[in-house]
Amino acid sequence: MQMKLKGDYFGGQFHLPTSGGVQEKILKRCPGDLDQVLWEACISYEHIEAVVESSIKGFETWRKMSFEARIGYLKKYQEIVRAKKDDIAMALALEVGKPLWEAKTEAAALDSKVSVTITDSFERIKQETIKDVMPKIDGHVVYKPLGPSFVIGPFNFPCHLANGQILSALLAGNSIIFKPSEKTIYSAQLMIECFHEAGFPEGVINFINGTGYTAGKITSDKRIKGIFFTGSRGVGLKILENTHKDLNKLVALELGGKNSTIIHHDTNISHALPELLRACFLTSGQRCTSTSMILVHRKIEQEFIQKFKEVTEKIRVGHPLSSPDPFMGPLIDEQAEKLYFDFCQFGKQEGAEEIVSPTKLDIGHKGYYVSPSIHYAKNPNLNGKFIQEEIFGPNCFFVPYDDIEEAIKIANCTEYGLAASVFTRDSDIYKLCLRDIDSGLINLNRSTVGATARLPFGGLKNSGNHRPAAVSMIDHCVGTVASLETLDDTSSKISDVVGLKE
Ligand code: NAD
């Protein structure tokens with residue numbers, strides 16, 4: 001696959017930087033085959049102003065369009081993105097390193113998300129009327145777009161997450177600038193090309209390549225009214241620091257997780273095993289919802305851990321395009337690989353026993369291939385780095401428990417609160433988890449990964465700032481306006497005003 005970068009997109013066209021304007025070059029190799037150079041990006045700051053101005057112009061056109069017209073554009077985009085799904089999947093597989101079968105599920109989600117946005121999300125911003133909210137007066141709630149909005153994406157789902165945010169922002173009447181992760185520019189560019197081909201008016205869609213500097217410039221620009229960020233907690237905090245004095249701006253943060261699963265003693269083990277295997281190791285553990293801690297009831301700990309170890313050792317790690325399908329591909333880059341091994345070391349230093357050790361794998365291609373690993377801690381150090389921080393690699397660790405309160409306490413011990421799950425046949429246990437685990441997603445007999453676009457998706461605590469995405473993303477793309485309305489302009493008289501002189 002030839003990956004040709006086209007530069008930044010504004011004013012309805014792609015623009016490559018001028019040779020004198022290049023600040024930084026990024027050479028991207030396939031993480032699953034380091035001999036394969038995918039592209040070289042020339043990062044320039046010279047288009048930042050033009051991109052922002054284009055989004056302002058685009059907003060003026062777009063906000064005046066009817067919902068029907070906007071939906072028409074979204075549907076055109078849907079047709080195009082559907083037709084290009086194989087190219088997008090291939091780009092995702094090569095850039096991120098996720099197996100092609102998995103990349104195809106991300107590419108297919110771009111199309112289905114259009115339908116969910118139009119059917120489920122749209123309902124949430126339709127004008128509401130409350131008849132006779134006061135005598136002879138009707139009340140209306142009207143939802144207005146925020147303005148030019150900035151979407152910043154992470155590397156692990158370069159298209160799907162931004163797509164969801166962009167679609168909601170667009171339907172609500174905002175123009176957008178999208179900055180993908182500098183690790184996955186090409187997949188994101190393919191998605192932007194679909195918007196381009198759908199013929200959106202000039203300036204409604206904009207795209208910029210860049211790193212933290214570019215993102216920082218745009219987030220702090222007063223003309224940008226919405227920021228939709230998905231990424232790490234550390235960068236989320238920087239964005240807050242950069243924007244907190246601008247009360248004009250809405251900032252929605254979707255951050256990391258340190259997710260727990262509780263395996264109660266009545267769990268159907270054969271159901272829980274494949275669920276948990278996917279939750280811990282899909283995308284090589286590089287999902288915000290990946291399960292990290294597994295709290296297993298002491299009565300079944302030995303049997304469960306033994307069986308989990310056996311299936312983990314069967315995981316096929318391979319090149320994203322290899323056949324038969326691998327379960328997981330490489331990690332994204334050298335730094336991710338180093339962090340993975342470092343974390344496993346912290347685990348050992350903090351008293352966790354290695355049940356399956358992490359190893360660097362030689363699969364015949366040069367790449368960031370590692371084996372999944374499993375740790376076990378009878379008395380974990382709840383304040384240690386291993387338990388507190390997001391690993392973003394294929395590791396999980398077991399902690400045994402006797403009573404459910406103890407398991408919930410451990411599940412709640414981290415600063416994060418994104419996803420949790422409980423496997424049990426006892427509805428009281430589930431109700432207790434639902435009530436007491438501080439997490440934005442809590443599933444019963446379903447693992448922490450594989451959320452639906454039709455429910456809210458977002459974390460509590462340090463996993464976000466209470467602006468969940470997915471179906472409820474659209475709630476944050478609008479300002480709420482209340483309006484009192486009466487057609488009776490005869491009932492008020494000046495003599496009704498109290499306190500006037502005769
Ligand atoms: P990251 O935070 O390193 O980067 C995310 C984006 O932020 C990139 O586009 C990057 O260029 C940009 N960025 C860097 N510095 C910035 C700055 N100063 N201001 C604004 N933007 C800046 O994250 P990543 O490594 O790409 O992705 C992994 C992280 O994302 C994990 O923590 C994961 O849990 C999280 N994530 C969360 C969700 C969710 O929905 N909650 C989904 C996917 C990933």
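The chain is numbered in sequence order, starting from 1. Note that ligands are numbered from 1 as they come in the structure, with each ligand's atoms numbered from 1 the same way.
The aromatic rings of His365 and His319 lie tilted to each other, with the angle between the two planes from 30° to 60°. The aromatic rings of Phe195 and Tyr77 sit parallel to each other, their planes meeting at less than 30°, with 60° as the upper class boundary. The aromatic rings of His196 and Tyr9 stand perpendicular to each other, their planes meeting at an angle above 60°, with 30° marking the opposite boundary. Using the six-membered ring where Trp is involved, Phe386 and Phe397 have ring planes that are tilted, between 30° and 60° apart.
Ligand 1 lies nowhere less than 4.0 angstrom from a heavy atom belonging to Gly459.
Looking at atom 7 (O) of ligand 1, its nearest protein heavy atom turns out to be Phe229 CE1, 3.3 Å. The nearest heavy-atom contact from the protein to atom 31 (C) of ligand 1 is Glu390 OE1, 3.5 Å. With hydrogens left out, the protein atom closest to atom 18 (N) of ligand 1 is Lys238 CD, 3.8 Å, a heavy atom. Among all non-hydrogen protein atoms, the one lying nearest atom 44 (C) of ligand 1 is Asn156 OD1, 3.4 Å. The nearest heavy-atom contact from the protein to atom 8 (C) of ligand 1 is Gly153 O, 3.2 Å. Ser232 OG, 3.6 Å is the protein heavy atom nearest to atom 1 (P) of ligand 1. With respect to atom 17 (C) of ligand 1, the closest heavy atom belonging to the protein is Val235 CG1, 3.8 Å. Nearest non-hydrogen protein atom to atom 21 (N) of ligand 1 is Ala215 CB, 3.2 Å.
Which parts of ligand 1 touch Leu161 is read off a 4.0 Å heavy-atom cut-off, strictly below it: atoms 42 (C), 43 (C). Using a 4.0 Å cut-off to heavy atoms of Ile239, the atoms of ligand 1 that qualify are 19 (N), 20 (C). Residue Thr230 approaches ligand 1 through these ligand atoms, each under 4.0 Å from one of its heavy atoms: 5 (C), 37 (C), 38 (C), 39 (C), 40 (O), 42 (C), 43 (C). Shown in contact with Pro180 at under 4.0 Å from a heavy atom are these atoms of ligand 1, numbered in order with element: 9 (O). Residue contact check: Gly256 has heavy atoms under 4.0 Å from atoms 32 (O), 34 (O) of ligand 1.
Asp342 has a carboxylate O that lies under 4.0 Å from a charged side-chain N of Lys338, or vice versa, which qualifies the two as a salt bridge. Under 4.0 Å is where a charged nitrogen must lie from a carboxylate oxygen, and between Arg233 and Glu389 no such pair does. Using a 4.0 Å cut-off between charged nitrogen and carboxylate oxygen, Asp33 and Lys366 do not count as a salt-bridge pair. Between Arg287 and Glu102 there is a salt bridge, since a side-chain N of the basic residue sits under 4.0 Å from a carboxylate O of the acidic one.
Inclusion of Arg233 in the set of residues having an N or O under 3.5 Å from an N or O of ligand 1 is not warranted. Checked against a 3.5 angstrom limit, the closest N/O atoms of Leu255 and ligand 1 fall inside it.
Counting only heavy atoms from C-beta outward, the side chains of Met90 and Asp86 never approach each other to under 4.5 Å.
Protein heavy atoms are found less than 4.0 angstrom from atom 34 (O) of ligand 1.
Geometrically, Lys360 does not engage Tyr368 in a cation-pi contact, judged by NZ or CZ lying under 6.0 Å from the ring centre and within 45° of the ring axis.
Partner of Glu193 under the salt bridge (Lys or Arg N to Asp or Glu O under 4.0 Å) criterion, chosen from Lys4, Lys6, Lys84: Lys6.
When the heavy-atom distances from atom 26 (O) of ligand 1 to Phe457, Phe150, Phe155, Phe157 are ranked, the shortest goes to Phe155. When the options Cys288, Pro468, Gly212 are ranked by their closest heavy atom to atom 14 (C) of ligand 1, first place goes to Gly212.
Summarising the geometry of Ser260 relative to Thr291, their closest heavy-atom pair is C-CG2, 4.5 Å, with the distance given to 0.1 Å.
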